[in-house]
Amino acid sequence: MTSYTQEDDEHYRGEFGAGYEVGSFPKDFVYGPDDPDQDLTQIFAPDQKPKILLMGLRRSGKSSIQKVVFHKMTPNETLFLESTNKIESENISNSSFVQFKILDFPGQIDFFEPSFDSEKIFGGHGTLVFVIDAQDDYMEALTRLHQTVLRAHKVNPHLRFEVFIHKVDGLSDDTKIETQRDIHQRVNDELSDAGMEQIHLSFYLTSIYDHSIFEAFSKVVQKLIPQLPTLENLLNIFISNSGIEKAFLFDVLSKIYIATDSSPVDMQSYELCCEMIDVVIDISDIYGKADGMQVPFDKDSSSIIKLNNATVLYLREVSRYLALVCILREDNFDRQGLIDYNFLCFRNGIQEVFDVHTSQLQQLTHSTSPHLQTNGPTS
Amino acid sequence: MNAIVSICHFCELHGPRVVFCTQAFRDLPDFDALTGVEAPPVIGSRLGHHEGQPEESDLWKYGRNLKDNPAEMKNGTPNETCVACRSFPHTQPGFISNDDSAKVSYVTSQYPLQSELYSLVHLACIRSLSCEVCPGKEGPIYFGDEARGHVLSYTFFLQDVQARGFQRWYSIMVLMKDKMLLLNSWPFIVRHLKQTISHLQESASKIYESEESKVSHRALRSAIMNDNYRRQRVAGQPRSLSELVGDEQVWSGLHSSFTWLLKAGGLRLQERLVEGPPVTQLIMDGSESSGTNLNVRELYSKIGPYTFNRLTHHLLIGRQIIVRGSSANAVSTVVQSLQPLIPKHCFKAINFSPHYIDSASCNILGLHSLVKVPLSVLATGNICVLELFAKESTGESGTQSNIPRVSTISNHSLSAQEEIHRIKSSLQEKEMKNADFSELLKSYNIQISQEGTLPAKPPQLLNRIETALSNTTLTPATLMVYLSTILYEWINKVKVWMQVQNANKTIPPEQRYPVSSQSTITRTPSIPILRSPVHQPFLSRSPVLSGSLTAGILEAPTNSQDNSRHQLLSALGATEWDVPLLEFWAQKFHPNSV
């Protein structure tokens, strides 16, 4: 029997193989039942990874955001991006904490049409990020936002909603505030008119020309990390015992911070920390790159930068893609040994959180429980 | 070819849109009489005001059955369009070509003219540009199903200085209901589309380069960015296809190109149902052979692979098989056991005969070992004699029961009493057979004593039969199904073989293929019936097409007889040494099928 199929196969290959323009026509193509959803199931594999859906009107800057945050594209290059014509899906799995998928939608297509499987697109655990071009007339965008939120909420009530008021770099500070207030007002009015006050929208003013997009994305990603309270708690204990003013736990690749202590985030200090990571990565890239390393960043990576306002920036590696960046007063840095010791304790704490996560993942793969509830240990 | 060829564009303002569609319309027999509805005038009086323009109803000669209200159409079609996603400013036909010889009208419009087709094409358009991925982004892909139609989509870019990313997405789709035809026409369609597309791309690149040489749009875009004039949108302004390729006549060119594709694609492949007797009658089903319980595999293991190979080879190519032995029972069992190896119409067996019967009457013959085969028959070489030698003294029931059996066959004038007796005895015989048949056969040595010379190579079918028999993992039932399946397969090949051979006899070879389509496509120039700024009639731009035309149509015919025979064999998946089998089966086929 086996020889029969092989014979035939070779026969046909010899017969039709040469000189044919095949394109994507699969070589082992046989007539069988059609599976039109095959591609969709590949994009939307039923795994547990949370999703970030980037939606919005065309040219609002969705692809630019994705490219700048996750592909290190310079903002000026985004001018030459072509329009996105289909859902671009990308897996971001840098560390055990930062694991999600980004789906970049083409703004021209209405994905709530019955020909699309909205259940698959909008189902699951995730966040819908709606991008509004603040430089344009945003009334059309608001209508679309309203529709999108209502329909997506109908499909998946657990979906979170975030609104990026984007391209604010061209606006004056007053206009920014005014725009945000106006958009917030209108959207919430419309939602309450529709009787959907329970849907909560968060608004962010973003631009790819400064760090606001990273900060906003950090907030979005943090909401997808179930261990966030534990991490924040760990950071609080760490800074209070080491005399540190502010500490960020960074994802080195994307420069989004996945946790910080509970003191308020000052935009300038966040920018400083971002720049510091760039400096460290660039310097190690030039002088310290070993063969086969994807990122020049390992467990010995650390850096101390002293600023002229009696402040010190201190960076230590936590895990492969995670770095802790601290801001502290210069006189507190006298006791560096204490800080290093505390840091080791902190790193061990993080490691334990990892372990809980991995063991849960293993359990998950053994049992087929669909829901993941992670509670990190309290230290 | 019953298909819709359409151009789709990923518009930067509106997303995936259908821009241009070419369809073939045929006259239904007595359409008006069937429905009792007169086809409404399509364009109405609008064209009437136009002097010098022929009436639209005169232009569209065949199959004009627009039942759809233009108003009804508007519901389905998107009302927002821009320059980029529009070819004609309305949903009515833009170009019509009539093929008077085949009574077909090829009609091009922005959207398909029937609303049910519109939704199919629109869905396929979204899939083609926004769902399905071709590796390398540009290239042909296939997708589709029975409900939504089968689609071949060829995606490509056109360069444009004003586009985001400096290029625009287009795709050409061929939508069909017939999957087989579409996939079999794949090489032809793709080759032709590629030509059309590369022509478009070359023109677009020329325009791109000339525009870029005047002023660098890349630099311009950066400069504007730095000056903080962001509200001014440089990129993403819609431009129509004719602007992109710098050719006002591009639509009429595409119309004639697609028209040719539809016409030639239909001429290329023709489906013909090959009639023959229903296959169910052609293969033995298990029920008839219930009397003998010697299956082929037991015979195979009994006589060994070598003998079996030769025996079956003789059998398959139509030699007469003579089984000789002293026991009628054993001989007839062997004869019957060969039954699953050949189709029913080829199986003419005589279980046990007292004298030789020539090969015209039977191809498998059981004889007593004392009966001589005439020398003249042996001399022809069209024979294979299988001898059953008894190992020990024949003191068993088989020999005793063979004598009345012989008499029943030889004496055809038996009285009714004897008839009853015979039936009783054969019933007893049957029971006995079931009990100790394999025992019975064990007492014989079987070998080929005389045979004609065989061709150098056996038919492919023999290899497959042997492979199946030697595969001990197959249960007897599975084996029977498998054997009958491969027989079906070859019966179908024989049908095609006969059909073509008969056709060859009746029709001279050069008339079997469509002649050069220069004569078959009518040279009706496509006439724009829309109110466009350009009024002079366009001439079909065939130079681009004529090259591929000859290549596409004339690849099939060859005048040499040998060559066509070779082509037929390779199309059947057969080889030169399968010919004896094909001819034997076909010859036996003939009287039955007519």
Side-chain angles (χ1 to χ4, degrees), chain A residues 1-4 7-8 11-12 14-16 19-26 29 31 33-40 42-43 57-59 63 75-88 105-111 113-116 133-137 167 169-171 209, chain B residues 10-16 123 126-127 129-136 139-146 148 154 157 163-169 179-180 183 186-187 190-191 194 218 221-222 224-226 228 230-231 233-236 460 463-464 467-468 471 473-474 482 486 570-571 573:
Chain A
M1 282 302 232
T2 49
S3 67
Y4 157 56
E7 265 173 34
D8 268 21
H11 173 72
Y12 286 119
E15 196 79 6
F16 303 109
Y20 266 47
E21 180 69 30
V22 173
S24 76
F25 198 60
F29 191 89
Y31 298 128
D34 283 311
D35 188 5
D37 293 335
Q38 205 182 12
D39 293 332
L40 277 181
Q42 273 168 9
I43 297 179
L57 290 187
R58 66 191 182 84
R59 297 184 62 94
S63 305
N76 281 326
E77 279 177 78
T78 62
L79 283 175
F80 307 119
L81 284 175
E82 58 184 83
S83 48
T84 310
N85 69 320
K86 57 176 172 288
I87 303 179
E88 304 276 2
F105 285 68
Q108 291 94 338
I109 303 175
D110 179 10
F111 283 92
E113 267 182 24
S115 50
F116 294 100
D133 181 355
Q135 294 186 13
D136 206 357
D137 173 28
K167 304 190 191 176
D169 44 310
L171 307 181
Y209 290 90
Chain B
F10 190 88
C11 175
E12 284 176 4
L13 299 172
H14 304 102
L123 267 183
I126 293 177
R127 263 185 102 175
L129 286 168
S130 293
C131 298
E132 310 293 339
V133 189
C134 178
I141 52 172
Y142 159 79
F143 56 86
D145 53 39
E146 287 306 321
R148 287 176 282 187
Y154 200 124
F157 294 117
R164 292 169 66 186
F166 300 102
Q167 55 188 13
R168 294 186 194 266
W169 278 81
K179 182 182 185 179
M180 287 299 173
L183 291 179
W186 177 282
V190 166
R191 192 176 50 218
K194 211 175 181 182
R218 192 171 276 269
R221 244 181 251 185
S222 306
I224 284 171
M225 218 51 201
N226 292 336
N228 216 354
R230 290 199 202 132
R231 283 174 177 280
R233 307 245 165 170
V234 258
Q460 295 174 46
N463 287 338
R464 288 171 60 182
T467 321
N471 186 352
T473 53
L474 296 181
Y482 180 63
I486 54 181
S570 71

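Everything quoted here is computed from the prediction, not taken from an experiment. So you know, we letter chains A, B, ... as the sequences are listed, proteins then strands, and number each from 1.
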Donor-acceptor pair, side chain of Glu82(A) and main chain of Arg168(B), under 3.5 angstrom | no
Please round to the nearest 0.5 Å and tell me the distance separating atom [atom1] of [X] and atom [atom2] of [Y].
X: Ile126(B); Y: Gln108(A); atom1: CD1; atom2: CD; answer: 12.0 Å
X: Asn85(A); Y: Cys131(B); atom1: CG; atom2: SG; answer: 9.5 Å
X: Arg58(A); Y: His14(B); atom1: CZ; atom2: NE2; answer: 7.5 Å
X: Arg164(B); Y: Ser83(A); atom1: CZ; atom2: OG; answer: 5.0 Å

Below 4.5 Å, heavy atoms only, C-beta onward: do Ile109(A) and Phe10(B) meet side chain to side chain?
->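 Yes, their side chains come closer than 4.5 Å.
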Contacting moiety of Phe143(B), where chain A heavy atoms sit under 4.5 Å | neither
